[in-house]
Amino acid sequence: MIKIEKAERLVTLPPYLFKEIDRQKEEVKKRGVDIIDLGVGDPDLPTPPHIIESLNQAASNPANHRYPSYSGMDDFNEAVARWYKKRFNVSLNSKTEVVTLIGSKEGIAHIPLAFINQGDISLATSPGYPVYNIGVKFAGGTTYYMDLLKKNNFLPDLEAIPKDIASKAKLMFINYPNNPTSATANSDFFKKVIAFAEKYNIIVCHDAAYTELCFDGYKPESFLETEGAKDVGIEFHSLSKTYNMTGWRLGFAVGKAEVISALGQVKSNIDSGAFQAVQVAGITALDGDQSCVYKINKEYQERRDILIDGLLKLGLTVEKPKATFYCWIEVPKGYTSASFATHLLSKAGIVATPGNGFGAAGEGYVRMTLTVCKERLKEAVERIRSVGI
Ligand SMILES: *Cc1c(COP(=O)(O)O)cnc(C)c1O
């Protein structure tokens with residue numbers, strides 16, 4: 001028998017704040033309650049058939065069975081560059097400004113290894129996607145949190161960051177359209193980010209996972225559309241949410257060549273790239289007919305209207321999202337994030353994620369996702385109405 005001792009980096013991980021709600025969910029399930037799970041950020045709809053067909057064909061080709069290139073197939077990186085040109089009018093050199101990722105989470109988790117030394121600081125938002133902090137922590141750094149507040153439209157107040165922190169910061173993670181708040185950003189905000197990054201010599205990592213999931217004719221911007229963005233940073237993107245491909249593990253990072261190449265250097269020492277057949281299917285997704293994206297968004301928009309209109313009628317305070325499949329709901333008076341989530345689960349059998357699980361500044365909110373069908377959303381509203389808030 002040997003004694004298994006975990007490394008400091010695992011022992012000192014922040015507490016998993018969704019543990020309590022997960023435990024309650026199991027308990028409610030055991031009681032035989034028909035749970036409506038509005039907790040998961042994973043599309044319920046299948047990948048469009050033409051993309052699956054493309055994988056099927058590519059999987060039979062022995063040329064795709066070998067080790068791929070760690071930085072991605074030339075053809076895939078070129079498809080990414082074509083897509084950026086078509087979608088955002090951003091020109092990219094597919095050889096130096098694009099790297100393929102095994103899902104964007106992989107790149108987000110690994111980029112700190114390229115730039116963070118022991119004791120270095122990174123900036124990330126609270127609430128925010130937890131991986132921004134964990135990757136930095138694994139690399140020996142710490143995160144300074146920029147709060148996302150309603151009074152600032154859930155954009156970070158860069159002027160509130162202490163100068164000594166800003167001077168020491170190496171990376172900044174931002175994410176618009178935003179998970180979990182569903183807030184959006186435009187070039188006015190991105191201009192401020194670029195000026196801040198120039199002033200303090202900070203690499204900006206913009207997570208753009210939700211730019212294609214948008215409603216009412218609104219088209220989110222890429223960070224790279226704003227002048228000067230490519231001098232200070234990169235953008236992470238993913239096929240996961242756009243084409244219902246979360247299980248396929250395919251994403252990419254684009255932008256400043258030195259940053260992309262350093263991320264590629266880390267990857268070349270850790271993984272050997274994404275399965276080529278999956279990359280071929282990714283080319284089909286990016287180059288092909290985009291009417292599937294339109295259909296997916298139409299479905300989410302109808303779901304959004306059912307849930308948001310229903311919640312507003314019940315007297316809850318929530319902004320109608322212009323993008324993402326998240327609804328960021330203020331908890332009613334007398335509740336905390338945790339107690340409201342518990343109320344919804346134990347009384348109505350509805351899973352909502354307590355906002356403080358995404359960071360301290362998420363307290364006072366719960367997040368609901370639009371990844372269940374319209375009938376179930378109608379029922380969720382009806383159940384909340386019948387148990388009261
Ligand atoms: C879903 C999600 C991702 C990860 O997507 P993958 O490409 O599947 O790894 C990244 N960032 C945010 C904010 C997300 O919600």
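One-based numbering, in listed order, for ligands and for the atoms of each. Just so it is clear, the values below take in all heavy atoms, side chains as well, and ignore hydrogens, waters and symmetry mates.
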Which donor-acceptor pairs under 3.5 Å do the side chains of residues 146-169 make with protein atoms, sequence neighbours left out?
unit_1, atom_1, unit_2, atom_2, d
Lys150, NZ, Glu330, OE2, 2.7
Asp157, OD1, Glu159, N, 3.2
Ser167, OG, Lys163, O, 2.6

- Query: Has ligand 1 got any nitrogen or oxygen that is less than 3.5 angstrom from a nitrogen or oxygen of Asp207?
  - Reply: yes
- How long is the span from the OG atom in Ser104 to the OH atom in Tyr129, to the nearest 0.5 Å? 6.0 Å
- Do you know which of Lys374, Met368, Lys320 makes side-chain contact (heavy atoms from CB on, under 4.5 Å) with Leu307? Met368
- Note on the structure: Here the atoms of ligand 1 under 4.0 Å from any heavy atom belonging to Ser240 are 6 (P), 7 (O), 8 (O)
- Have a look at ligand 1 and work out which part of Tyr210, if any, has a heavy atom under 4.0 Å from it: side chain, backbone, both or neither. side chain
- When the ring planes of Phe325 and Tyr300 are compared, do they come out parallel, tilted or perpendicular, using 30° and 60° as the limits? tilted
- Message: Checking a contact table here: which protein heavy atom is nearest atom 5 (O) of ligand 1, and how many Å away?
- Response: Ser104 OG, 3.3 Å
Would you mind writing out the side-chain donor-acceptor pairs for residues 43-54 within the sub-3.5 Å range, not counting sequence neighbours?
unit_1, atom_1, unit_2, atom_2, d
Asp44, OD1, Arg303, NH1, 3.0
Asp44, OD2, Arg303, NH2, 2.9
Thr47, OG1, Asn244, O, 2.7
Thr47, OG1, Trp248, NE1, 3.1
Ser54, OG, Thr284, OG1, 2.6

- Under 4.0 Å from a heavy atom of Ser238: give me the atoms of ligand 1 that qualify, with their elements. 5 (O), 6 (P), 7 (O)
- Message: I need the atoms of ligand 1 closer than 4.0 Å to a non-hydrogen atom of Gly103, numbered in the order shown.
- Response: 7 (O), 9 (O)
- So which of Phe252, Tyr176, Tyr129, Trp248 gets nearest to atom 4 (C) of ligand 1, if we judge by its closest heavy atom? Tyr129
- Relative to each other, are the rings of Trp83 and Phe252 parallel, tilted or perpendicular (30° and 60° limits)? perpendicular
- Query: Any N/O of Asn175 closer than 3.5 Å to an N/O of ligand 1?
  - Reply: no
- Closest approach of Ile389 to His343 (non-hydrogen atoms, all atoms of both residues): CA-NE2, 4.2 Å
- Query: Which of the atoms of ligand 1 are close to Arg249, meaning less than 4.0 Å from one of its heavy atoms?
  - Reply: 6 (P), 8 (O), 9 (O)
- Looking only at protein heavy atoms, what sits closest to atom 14 (C) of ligand 1 is Lys241 NZ, 3.2 Å
